[in-house]
Amino acid sequence: MPRKIRELIAELKAAGYVDRGGKGSHRNFTHPKCSMPITISGKSGDDAKPYQERAVREAIKENEK
């Protein structure tokens with residue numbers, strides 16, 4: 001069962017990412033250690049796509065180094 005967009009956002013915020021806003025249903029998250037922003041699209045209650053879950057997992061992993 002896929003996770004919800006709100007869960008991905010909570011995970012990013014817990015890892016120190018900051019929501020820099022976006023247009024429409026898109027949200028851009030940045031982190032001081034990360035050079036590329038992470039973009040999450042969709043409403044909070046929507047199911048997350050596999051590529052979104054993968055992007056969040058890789059971004060958090062990158063910042064743990």
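Worth knowing before you read on, the calculation uses all heavy atoms, side chains too, and leaves out hydrogens, waters and symmetry mates. Keep in mind that this is a model prediction, so the values were computed, not measured.
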What distance separates [X] [atom1] from [Y] [atom2], expressed to the nearest 0.5 Å?
| X | Y | atom1 | atom2 | answer |
| --- | --- | --- | --- | --- |
| M36 | E58 | CE | CD | 12.5 Å |
| E11 | R3 | CD | CZ | 4.5 Å |
| R54 | K61 | CZ | NZ | 13.0 Å |
| I38 | N28 | CD1 | CG | 9.5 Å |
| K49 | I40 | NZ | CD1 | 12.0 Å |

Any side-chain heavy-atom pair from [X] and [Y] closer than 4.5 angstrom?
| X | Y | answer |
| --- | --- | --- |
| Q52 | P2 | no |
| I9 | F29 | yes |
| I5 | K43 | no |
| V18 | H31 | no |

Check: S41 and Y51: which non-hydrogen atoms are nearest, and at how many Å?
Finding: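 Minimum heavy-atom contact is OG-OH, 4.3 Å.
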Notebook entry, point to check: Would you call K4-D47 a salt bridge at under 4.0 Å N-O?
Noted result: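 Answer for the salt bridge query: yes.
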